Structure formats: structure tokens, C-alpha cells
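The model shown is predicted, which means the values in this text are computed figures rather than measured ones.
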Amino acid sequence: MKMILLRKFRVLILMVFLIACSMHIMIDLLPKLERHGSTGCSCSHTPSEEPKSWGKQGWPNKHSLRILQDFSNEPSSNVSSHSLERVPVAGDKSQAFRRLDHQGQRSDRKRQFIQDAGVTKNVPAKGSRLSALYDHPLYKTSLPPLTDEDTLFNVNTDIRFDPKAAEDQAWAGESNIDEFSPTGELTADSYPNWLRFHIGINRYELYSRHNPVIDALLKDLATQRITSVAMKSGGTQLKLIMTFQNYGQALFKPMKQTREQETPPDFFYFSDFERHNAEIAAFHLDKILDFRRVPPVAGRLVNMTKEIRDVTRDKKLWRTFFISPANNVCFYGECSYYCSTEHALCGKPDQIEGSLAAFLPDLALAKRKTWRNPWRRSYHKRKKAEWEVDPDYCEEVKQTPPYDSGTRLLDIMDMTIFDFLMGNMDRHHYETFEKFGNETFIIHLDNGRGFGKHSHDELSILVPLTQCCRVRKSTHLRLQLLAKEEYKLSVLMAESLVRDRLSPILIQPHLDAMDRRLRQVLNVLSDCIEKEGYSYVVEDDLQGYQGTDHAHNGPRRR
């Protein structure tokens with residue numbers, strides 16, 4: 001009797017297991033079968049309707065996933081980490097890059113995207129202060145001659161873009177057949193704008209001053225059809241990775257605060273909201289300062305239903321969508337802070353503002369190194385960092401590689417001025433391209449905590465400058481120029497920002513605050529020069545850029 005009962009029990013367990021497996025298979029197949037059999041359009045629902053079709057979306061095949069690049073800011077990492085976010089294989093850019101053949105390619109093709117284009121398609125209006133600024137001699141200095149070691153990619157041998165490699169028929173259908181060469185392949189000047197931006201990166205800049213590709217890329221960020229959306233792994237607040245129809249990708253930061261809202265006085269810098277308009281304004285400020293170290297950023301009004309919910313293949317993101325009591329579409333995603341129904345991002349009724357920052361080249365193609373900022377804050381409510389208690393801290397930094405030679409310390413000073421003008425206290429790490437070693441610029445990433453307070457100037461941000469008393473001559477002269485009435489920084493920023501689709505980006509008090517902070521930076525440098533002497537404080541970098549001396553002069557010591 002016991003043996004019979006035992007056998008029946010085993011048979012029962014086996015049947016339950018088989019039924020469970022069958023249900024899982026049916027659940028996985030049902031959305032695909034419904035989508036395959038449907039002949040209607042996938043139109044979005046109005047906010048007043050219950051989103052009944054939300055469960056009918058297909059999810060990514062685990063074997064078709066890929067690693068995306070990442071704006072790395074992990075405190076424990078000294079190299080750029082990869083995002084574990086996934087996208088469908090049809091949009092895989094890693095398959096779209098191939099090696100170019102040496103035959104039939106001219107060596108001057110590479111220079112087309114690296115050197116300044118000279119003119120842009122959109123000519124500024126007559127009387128534009130911004131165009132007058134860019135016509136100033138300080139904005140016409142030339143770079144040293146670029147070699148293969150000075151460019152991130154060698155167009156002739158490193159990369160090739162071929163939409164057919166991804167086997168996406170939709171892309172080919174939307175393309176213009178005239179863009180192809182007689183052999184049926186894309187020529188370098190027909191590459192998408194995001195790839196042309198990548199090709200132009202070199203040892204000294206992310207993009208050249210008058211490169212028309214940048215304006216075209218900004219337009220792409222604001223208008224290109226979004227084909228895939230997923231959450232970016234890591235980070236304290238919600239960010240989305242968006243993929244476009246031309247395989248370009250961007251980091252989306254949604255609107256969390258209005259332009260008028262200031263950071264509450266009792267908020268710590270590490271618990272403040274990230275602002276989408278700060279990312280946009282940071283790109284324009286970086287360009288006006290002639291650093292050109294911020295990847296292109298554009299504002300965009302996004303339809304949360306059609307352009308996020310309906311195209312995402314991220315289950316965790318998709319499950320956080322809901323309709324609010326005010327009948328608006330909302331979602332909150334997953335992150336370390338502010339990802340809950342109490343901090344949900346809601347549209348009006350399903351439209352939401354956000355910033356889109358163009359991705360840098362994939363880490364598999366161009367590795368980046370993440371460095372801990374020497375003047376990193378403690379990120380603690382009570383403890384202070386070493387630089388806050390040691391007035392001679394800079395002397396220690398100047399004896400530590402890579403700050404003991406080359407231009408890295410001067411790059412930190414540029415970044416300090418940039419952050420002070422924005423009021424950004426959250427610069428814990430920075431990145432450089434590995435290929436260029438220590439002789440290259442700092443990439444100014446992750447600027448969302450800038451422009452939080454216009455009524456307060458955080459002087460602690462300027463500590464690196466006050467302790468080290470070092471600055472490039474080109475930076476010093478441009479700051480003096482931007483303090484003049486005819487080149488007033490606030491006016492130039494207003495003119496530049498009005499071109500963005502979400503204009504106005506900054507309210508007037510934030511623009512006025514930049515003028516006030518600029519005067520404070522110049523006062524600090526004036527005190528340094530009076531105390532240490534001009535030749536010690538100001539590093540002459542203009543002579544080398546004019547082609548007479550290409551050597552890099554290391555920071556002088558006392």
C-alpha cells in the first residue's frame with residue numbers, strides 16, 4: 001500500500017511540474033502570437049483609457065542582448081564600467097562597425113571630420129553676440145597637427161558603418177538610395193551624425209568649434225524616432241537609455257523640477273535632484289567657454305506612451321507605469337533614490353520634458369578611464385574631506401601622478417571654474433580616453449546637479465583654484481573677455497539656449513548668477529597673481545596651439 005501511495009505521489013508531482021512548464025511556455029508565446037496575428041496599428045491609448053495592451057509587448061531574447069556603454073561614475077571603479085542594459089539585436093551597433101579596406105580609401109577622408117569644417121549650415125543672425133564671440137581671435141586658435149595617435153579612430157582602418165550588417169529592413173526602407181556609393185555601401189560622409197561625431201574626437205577636444213555635425217546631431221537628438229528604451233543600470237536617480245532609428249543612442253534625464261524651483265537650503269548636495277535643464281545648459285556653457293568637453297545635449301518633449309512605454313523591452317521599467325488620480329500617465333522605474341510612487345514622473349497628460357545626451361563611443365571600441373577627483377567631497381553628513389581641512393593640500397596633489405606633469409592639473413582648474421559657474425558640487429569622478437594616456441582633456445560628464453541655486457554661490461567649489469593658483473592663459477583670457485559688457489556671459493548663454501526646443505532653459509536669476517560668479521573667479525585669480533606672480537599662476541598654452549611649440553609644459557612648482 002505504501003509503495004502505491006508513493007508512486008501516486010511521484011506521478012502527481014510530475015504532473016504539476018509539467019503543467020507549470022506548459023503555463024510558462026504559453027505565457028512566453030502568447031504576446032508573440034498576438035502581435036504576429038494582429039493587423040491593427042499599435043496606437044497609444046489616451047490617458048483616460050485603461051492601458052489594456054500593456055501586457056502584449058514582447059521582451060528581449062536573452063541571447064540577443066548586448067553591453068552598452070556607460071557614463072561611469074561608480075566610486076569604487078577606476079575604469080569605465082559597462083552598463084548591463086540590453087537592446088534588441090536589430091539595433092546592435094557592434095555589428096554595424098567593420099574594418100575599412102585600405103584599397104580605394106583616400107587618407108584625407110579622415111581629416112574631413114577631424115579638422116574644423118569652417119562654416120556651418122545655419123548662419124547666425126546678423127548682430128549676434130554669439131557669432132561675434134566665435135569670430136574673436138581667442139576662438140580661432142588652431143590645434144597642433146593631428147596624427148593617428150591623436151585621433152580616437154582611424155577612419156581608414158578602424159571603423160565602418162553598414163546598416164545592412166544589422167539586417168534591419170526598416171532602416172534601409174527609410175534611407176535615401178542616393179546616400180550609397182556605386183558599390184552599394186555607405187561612404188564616410190553619409191555616416192549618421194552620431195558616428196561622425198565619434199570620428200571627430202581627438203586628443204584635444206570632443207568636437208571642433210565649427211563642426212556642422214554637432215548642430216545636426218542636436219537636431220537628431222530632438223527629432224529622431226525612438227525605437228528602444230531601457231533603464232540605465234547604476235546611479236542614484238532614474239536615467240533611461242534611448243536608441244534611435246539610425247542606431248544612435250542617448251542618455252535621457254526626465255524633468256523632476258520646474259525652472260523656478262531652487263534646491264532647499266537643508267538639502268545635502270548628494271541628495272539633490274538631477275535637473276534635465278542643467279544638463280542642457282552645461283553643454284552650452286562648456287561650448288561658450290571653449291572647452292568643448294561635454295557631449296552634445298538637447299532638450300526634447302517625449303510622449304511617455306508612444307516613445308517610452310510602447311517601445312521599451314525592459315520589464316522592470318514597463319511594470320512601473322500607471323495612471324495617476326489626475327488621469328496622467330506616470331512611471332517611476334528603479335534606482336537608489338526617488339524611484340517610488342511618491343516620486344513618480346508624470347506627464348501632462350503623457351508628455352514629459354527631458355534632456356538627451358549623445359552617447360560617447362562604446363567602451364568596446366574606445367576605452368575610458370575613470371579617475372577619482374582629488375577634490376572629491378566626503379559624501380557624508382558630518383565628515384569633511386582632506387582638502388577641506390588642509391590648506392596645503394594642493395602641494396600634495398602636485399606631487400602625485402598624473403598631476404605632477406602634463407596638463408591634468410590645469411584641466412582640473414578648468415573643470416573647477418566650469419562647476420563653480422553652474423554651482424555644481426557633485427564632481428566626484430571624471431573620465432579620460434585611455435588611448436591618449438595622461439596627455440588629454442577631461443570629459444565633463446554628468447552635470448545634472450548644476451544650476452540648483454541662483455541665490456547662493458558655493459565658494460567651496462573654488463577651493464582647488466584658491467589652493468593651487470594655476471590656470472591656462474587661454475582660459476584666463478576668455479574669462480576676462482566674457483566679463484566684458486559686449487561679450488557678457490549671461491547674454492551669450494541666453495542667445496545660445498534659445499536655440500533649444502525646450503527654451504527657456506534657465507530663468508534670468510540663474511543667468512545673472514553666472515555673471516556674478518565669473519567676477520568672483522577673476523577676483524580669485526587676481527589675488528593669486530598678486531601673491532604668486534603672473535608667470536607662476538598663468539600657464540601659456542597659446543604658443544603651442546599656434547603651431548610654434550607643440551610640447552606640453554608641466555605645472556610649475558614653488
Side-chain angles (χ1 to χ4, degrees), residues 129 133 136 138-139 262 269 281-282 284-286 288-291 373-375 377 385 387-395 397-398 407 409-427 442 444 447 450-494 506 508-542 555-558:
R129 292 198 187 190
L133 177 77
H136 192 278
L138 282 173
Y139 289 79
E262 277 200 281
Y269 52 88
H284 290 261
L285 175 62
D286 176 82
I288 287 174
L289 291 172
D290 203 42
F291 295 154
N373 184 2
W375 282 271
R377 296 178 183 274
W387 58 268
E388 294 181 275
V389 296
D390 182 6
D392 297 322
Y393 177 76
C394 185
E395 292 303 315
V397 173
K398 288 193 290 188
T407 60
L409 187 65
L410 295 170
D411 286 337
I412 292 289
M413 299 302 110
D414 285 348
M415 186 171 65
T416 295
I417 295 168
F418 175 62
D419 283 337
F420 179 69
L421 293 175
M422 295 190 298
N424 178 26
M425 302 172 65
D426 187 36
R427 189 70 69 181
I442 289 174
H444 295 164
N447 305 296
F451 299 103
K453 295 180 180 179
H454 54 73
S455 58
H456 172 72
D457 300 335
E458 184 53 54
L459 294 177
S460 65
I461 303 175
L462 275 182
V463 166
L465 191 63
T466 57
Q467 289 184 346
C468 297
C469 277
R470 299 302 313 283
V471 71
R472 282 185 171 92
K473 183 177 182 179
S474 59
T475 300
H476 189 212
L477 291 177
R478 289 187 188 108
L479 293 176
Q480 291 176 316
L481 183 68
L482 295 172
K484 295 181 178 179
E485 188 63 30
E486 59 267 37
Y487 296 106
K488 197 172 184 180
L489 178 58
S490 60
V491 177
L492 293 169
M493 278 291 290
L506 297 176
Q508 191 61 41
H510 278 300
L511 297 172
D512 295 337
M514 281 191 288
D515 290 332
R516 184 177 68 242
R517 292 164 186 165
L518 176 58
R519 291 192 294 270
Q520 294 183 62
V521 172
L522 290 173
N523 288 337
V524 168
L525 290 174
S526 178
D527 292 342
C528 285
I529 291 171
E530 184 177 348
K531 180 175 63 175
E532 303 287 353
Y534 184 86
S535 61
Y536 173 85
V537 175
V538 180
E539 178 78 21
D540 188 358
D541 62 320
L542 294 176
R556 294 181 291 272
R557 301 177 186 173
R558 288 193 180 106

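- Residues I417 and T475 have side chains in contact (heavy-atom distance under 4.5 Å, counting atoms from C-beta outward).
- In this structure, the side chains of D414 and L410 stay at 4.5 Å or more apart for every pair of heavy atoms.
- Side-chain contact between L542 and R472 is absent, with no heavy atoms from C-beta onward closer than 4.5 Å.
- The OG atom of S455 sits 12.5 Å away from the CG atom of D512 when rounded to the nearest 0.5 Å.
- Among residues two or more places apart in sequence or in another chain, the side-chain contact (heavy atoms from CB on, under 4.5 Å) test is passed with A282 by F418, M422, N447.
- Remark: the backbone N or O of I412 is paired with a side-chain donor or acceptor of T416 at under 3.5 angstrom.
- Taking every heavy atom of both residues into account, W387 and Q467 meet most closely at O-NE2, 3.2 Å.
- Y393 places no side-chain N or O within donor-acceptor distance of the main-chain N or O of W375, the cut-off being under 3.5 Å.
- Interatomic distance, L489 CG to L479 CG, rounded to the nearest 0.5 Å: 9.0 Å.
- By the 4.5 Å heavy-atom criterion applied to side chains, L522 and Q480 are counted as neighbours.
- Nearest approach of L409 to R470, heavy atoms of both residues: CD2-CG, 4.4 Å.
- Remark: I288 CD1 to L482 CG distance equals 7.5 Å, nearest 0.5 Å.
- Looking only at side-chain heavy atoms (C-beta outward), L525 and V538 stay at 4.5 Å or farther from each other.
- L518 contributes atom CG, which lies 13.5 Å from atom CZ of R478 (distance to the nearest 0.5 angstrom).
- Side chain of D457 to backbone of L459: no donor-acceptor contact under 3.5 angstrom is found.
- The stretch residues 467-494 participates, sequence neighbours left out, in these ring pair (Phe, Tyr, Trp, His ring centres under 6.0 Å) pairs: H136-Y487.
- Between the side chain of S526 and the backbone N or O of N523, no donor-acceptor pair lies under 3.5 Å.
- In this structure, the side chain of R377 engages the main chain of M425 through a donor-acceptor pair within 3.5 Å.
- At least one side-chain heavy atom of L481 sits less than 4.5 Å from a side-chain heavy atom of L133.
- Of all the heavy atoms in L285 and M514, the pair that sits closest is CD1-SD, 4.2 Å.
- Considering all non-hydrogen atoms of both residues, S490 and L511 come closest at CB-O, 3.3 Å.
- Atom CD of E530 has 12 or fewer heavy atoms from other residues, nucleotides or ligands within 6.0 Å.
- The heavy-atom pair separating C469 from Y536 by the smallest distance is O-CE2, 4.0 Å.
- I461 and G423 make their closest contact through CD1-C, 3.7 Å (heavy atoms, listed as atom of the first residue, atom of the second, distance).
- If you take CG on D541 and NZ on K473, they are separated by 8.5 Å, rounding to the nearest 0.5 Å.
- Under the rule for a side-chain contact (heavy atoms from CB on, under 4.5 Å), the partners of R519 that lie at least two apart in sequence or sit in another chain are D515, R516.
- One distance of note links CZ of R129 with NZ of K488; it measures 8.5 Å at 0.5 Å rounding.
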